[in-house]
Amino acid sequence: VARAGGDAALVDGLESHGLLPRAGAAGYPAECADVVAAAKVLGSFGIEPRHLRVLRTAAEREATLVEQVVTPLRRTQRAPGGAAATGAGPGRAGEVTAELASTLLRLHGSLLRLALDAADG
């Protein structure tokens, strides 16, 4: 978080609005640096952490959607003979998670660009 250039007030705001987890003994997960860096840039345009709660909510909903798809794969992999019987393989759930996350990010970017284009008229 410090490497991302976040100051204490920004980090506190991000934590308060659920955009960063409260730091534990091990510190923050690596992805938090990206959150802080993006929030810092957005802050320079007057966009505060409280404005970003909608993004957190959308990300949580997308994560739930991915979990609904991946959970059956995980169960199949843990079942005796399950991975061999279905062709799921030990890393299939991780592969599907990564593919869905990447696809959702592309979709989000496209939808945002479409919305901005429509706003420009």
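Bear in mind that the values here come from a model prediction, so they are computed numbers and not experimental data.
Among residues two or more places apart in sequence or in another chain, the side-chain contact (heavy atoms from CB on, under 4.5 Å) test is passed with V69 by V96, L100. The side-chain hydrogen bond (donor to acceptor under 3.5 Å, both in side chains) test applied to T64 returns no partner, not counting sequence neighbours. The side-chain hydrogen bond (donor to acceptor under 3.5 Å, both in side chains) check on E62 picks up nothing, with sequence neighbours excluded.
Cluster membership check: L55 does not share its hydrophobic cluster with L107, using side-chain heavy-atom separations under 4.5 Å among Ile, Leu, Val, Met, Phe, Trp and Tyr. Under the 4.5 Å side-chain heavy-atom criterion for Ile, Leu, Val, Met, Phe, Trp and Tyr, L20 and V54 are members of the same hydrophobic cluster. Hydrophobic cluster membership is shared by V11 and I47, with clusters built from Ile, Leu, Val, Met, Phe, Trp and Tyr side chains linked at under 4.5 angstrom.
Not a single donor-acceptor pair under 3.5 Å links the side chain of S102 to the backbone N or O of A98.
Within the 4.5 Å cutoff, the side chain of P21 has heavy atoms near those of the P29 side chain. Within the 4.5 Å cutoff, the side chain of V35 has no heavy atoms near those of the Y28 side chain. Residues K40 and L10 form a side-chain contact, since some pair of their non-hydrogen atoms from C-beta on lies under 4.5 Å apart.
Ion pairing of R74 with E67 is present here, as a side-chain N (NZ or NE/NH1/NH2) and a carboxylate O approach within less than 4.0 Å.
Heavy-atom neighbours of R61 CZ from other residues, nucleotides or ligands within 6.0 Å: at or below the threshold of 12.
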